[in-house]
Amino acid sequence: MLTSPFALACPTRRAMHSGRAIEDPIMGSVPVNELKQHIGKQVQLKGWLYNRRGSGKLLFLQFRDGTGIVQCVLGKADVPEPVFETAKRIGNESSIVITGTVKEDTRSTLGVEVLASDLAVIQEVHDYPIQITQDVPNIDKLLDQRHLWVRSRTPHAILRVRSEVVQAIRDFYYNKGFVLFDAPMFTPASCEGTSTLFEVPYFESTAYLSQSGQLYGEAGAMAFGKVVVFGPTFRAEKSKTRRHLTEFWMVEPECAFLELDGVMDLAEEQVRYVVARALDRCKEDLKVLERNTALLEQVTKPFPRVSYDDTQQLLQKLKAEYSTSSDPELQKLGKDILKGGLGDDLGAADETAIGLHYKQCVMIHRYPRHVKAFYMKKDPQNAERALCVDVIAPEGVGEIIGGSQREDSLEELLSQIEKHQIPMDSINWFVDLRRYGSVPHGGFGMGVERCVQWITGCQHVRETIPFPRTIYRLNP
RNA sequence: UCCGUGGUAGCUCAAUGGUAGAGCAUCCGACUGUUAAUCGGCAGGUUGCUGGUUCGAGUCCAGCCCGCGGAGCCA
């Protein structure tokens, strides 16, 4: 390790050989989240003024550098007069360099604070548009300032969790030997034949932004065995709910020789891995978000696997139960259960009720074929059912995963394509996969934002992506 | 697309049809241990737009614009 060329990149190692704590090799300063390793040392901090409290002779600067927030204390007697005057004057988000000594302090949540000896201003700011306030935030107004809002504590914590979730997903599939198989964003036509697509001029013709990489993933599975498609997808539906974005990220594993039970095993294992990793590595962020992790910790238990037909029974029971509840919210939920009637697709209320009942992730399998996509395999036990599964997350989050065993019979697939009126010339390449060495296979898609929404407890998925795109928001 | 709901100070919100208000932020001042600091003070407004009713409209009526929540669709 010591001879590794990467050793130079480790700030703590260099710090040990010098009286002056050295710097993060990238930002040229000591990151706030590593200050604890430098107690008693002099450090230089580069970043921004997050907030300030204090008195005429003692200032408390809340300093942030992207890795954390630390309190820097400036005593009027301890620094040159102009430095103190500057510290007193500059506004929030002024960019600054602070020099000082790291001190252990139990009053700080970080465990340390910095006794400042000097302060240099890179840019002085006086009119930062976002204020730190006890008011209940108006998310929409803050989203207008999203480019600045991402500096604030809450969005910062959520986006850190997102980063960890994405890395966990990549690690999970990489460690299992999956090949990353990128699907195109420009596609010739609808992959599933139902959703509304964004049209884009494409030279002399029209392209559509991909709403799923899955069909391409199937080509990959026949080439590599296990592949995973991971990228943004686009839906032009005019959905205005807290679960919808027009641009979102989806991870879509696809495996040859994987049948429905295997799809469920993989989905369960992946969700468990991702949630456990966020719980393990994002403790501080989840604390900032005041997330009660009790239900999240249930992911270690097996996910109940319930057939669609059994959910119909359950929902009838829950409808009767909730409708007579004294809680008005439950009563309303009860009213909305099975709104489409028996035998229809599950609605948002149905999913909420199921999540409420099981208080953990539930896998619902074998939906009616007519509510599902054309490429799903017909259940050999029941021609009216598809070999598919949705994973429903609890706490009102709803569907985070949709998957299935794919139709591997050429004849069945062709008849489905005809039934769904999908233009043959844009899908013929996909049918080739059933002409040349078709095998049983399957996979699923997980919405990254919905997963992050569940883990962080966000009210709305738009807070789980740096720059959300919704029907009425294209800026910033 | 449908249903619901909202638009007042930079932000969060008040205001029986009768002088446009508060808290926070900004700015000025006080304070040597603050933890979304506290205290005092100054300033801050075309009440989304257009029209109507009225002696008088933030408030009532009509139309429009722009959001938000939900449904459907989905991840």
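Naming: A, B, ... by sequence-line order, numbering from 1 per chain.
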Original post:
When the distance from CD1 of A:Ile471 to C1' of B:G69 is rounded to whole Å, what number comes out?
Top reply: 14 Å
Original post:
Side chain of A:Met250: nearest nucleotide among B:A75, B:A37, B:G33?
Top reply: B:A75
Subject >> Length of the CG-C1' vector between A:Asp344 and B:C73, whole Å >> reply: 12 Å
**OP:** Side chain of A:Lys240 only, please: which of B:C68, B:G33, B:U32 is the nearest?
**Re:** B:C68
Original post:
Can you tell me how far C1' of B:U12 sits from CG of A:Leu142, to the nearest Å?
Top reply: 11 Å
**OP:** Select one nucleotide: of B:C31, B:G33, B:A71, the one nearest the side-chain heavy atoms of A:Lys339.
**Re:** B:A71
Original post:
Which of the following nucleotides, B:U35, B:A75, B:G70, is nearest to the side chain of A:Arg107?
Top reply: B:U35
Subject >> Side chain of A:Arg243 (C-beta onward), nearest among B:U34, B:A75, B:C73 >> reply: B:C73
Subject >> Listed nucleotide nearest any side-chain atom of A:His126, set B:A71, B:U35, B:C27 >> reply: B:C27
Original post:
What nucleotide among B:A75, B:G70, B:U34 has an atom nearest to a side-chain atom of A:Phe60?
Top reply: B:U34
**OP:** Find which nucleotide of RNA chain B each of A:Gly91 and A:Lys88 is nearest to by heavy atoms, and output the residue with the more 5' nucleotide.
**Re:** A:Gly91
Original post:
May A:Phe248 be described as stacking on the base of B:A75, applying a 5.5 Å centroid limit and a 30° limit on plane angle?
Top reply: yes
Original post:
Any idea which of B:G72, B:C27, B:A75 is nearest the A:Arg235 side chain?
Top reply: B:A75
**OP:** May I ask you to check if A:Arg272 and A:Phe303 form a cation-pi contact, with NZ or CZ under 6.0 angstrom from the six-membered ring centre and within 45° of the axis?
**Re:** yes
Original post:
Which of the following nucleotides, B:U12, B:C73, B:A75, is nearest to the side chain of A:Lys141?
Top reply: B:U12
Subject >> RNA chain B base-pair string [pairs: Watson-Crick or G-U under 3.5 Å; |: paired with another strand] >> reply: (((((((..((((....[..))))..((((.......))))......(((((..]....))))))))))))....
Subject >> Value in whole Å for how far the C1' atom of B:A37 lies from OH of A:Tyr50 >> reply: 15 Å
**OP:** I would like to know whether A:Val79 and A:Asp118 meet side-chain contact (heavy atoms from CB on, under 4.5 Å); could you show each step before the answer?
**Re:** CA-CA 7 Å; A:Val79 295; A:Asp118 197 12; over 6 Å; no
Original post:
Relative to the 5' end of RNA chain B, which residue comes earlier, A:Arg462 or A:Gly54, by the nucleotide with the nearest heavy atom?
Top reply: A:Gly54
Original post:
Roughly how many Å is it from CZ in A:Arg473 to P in B:G69, rounded to a whole number?
Top reply: 10 Å
Subject >> Atom-pair distance (CG on A:Leu59; P on B:U38), nearest Å >> reply: 16 Å
Subject >> Atom-pair distance (CE on A:Met376; P on B:C74), nearest Å >> reply: 9 Å
Original post:
Does A:Gly347 offer a backbone N or O that forms a donor-acceptor pair with the side chain of A:Asp350 under 3.5 Å?
Top reply: yes
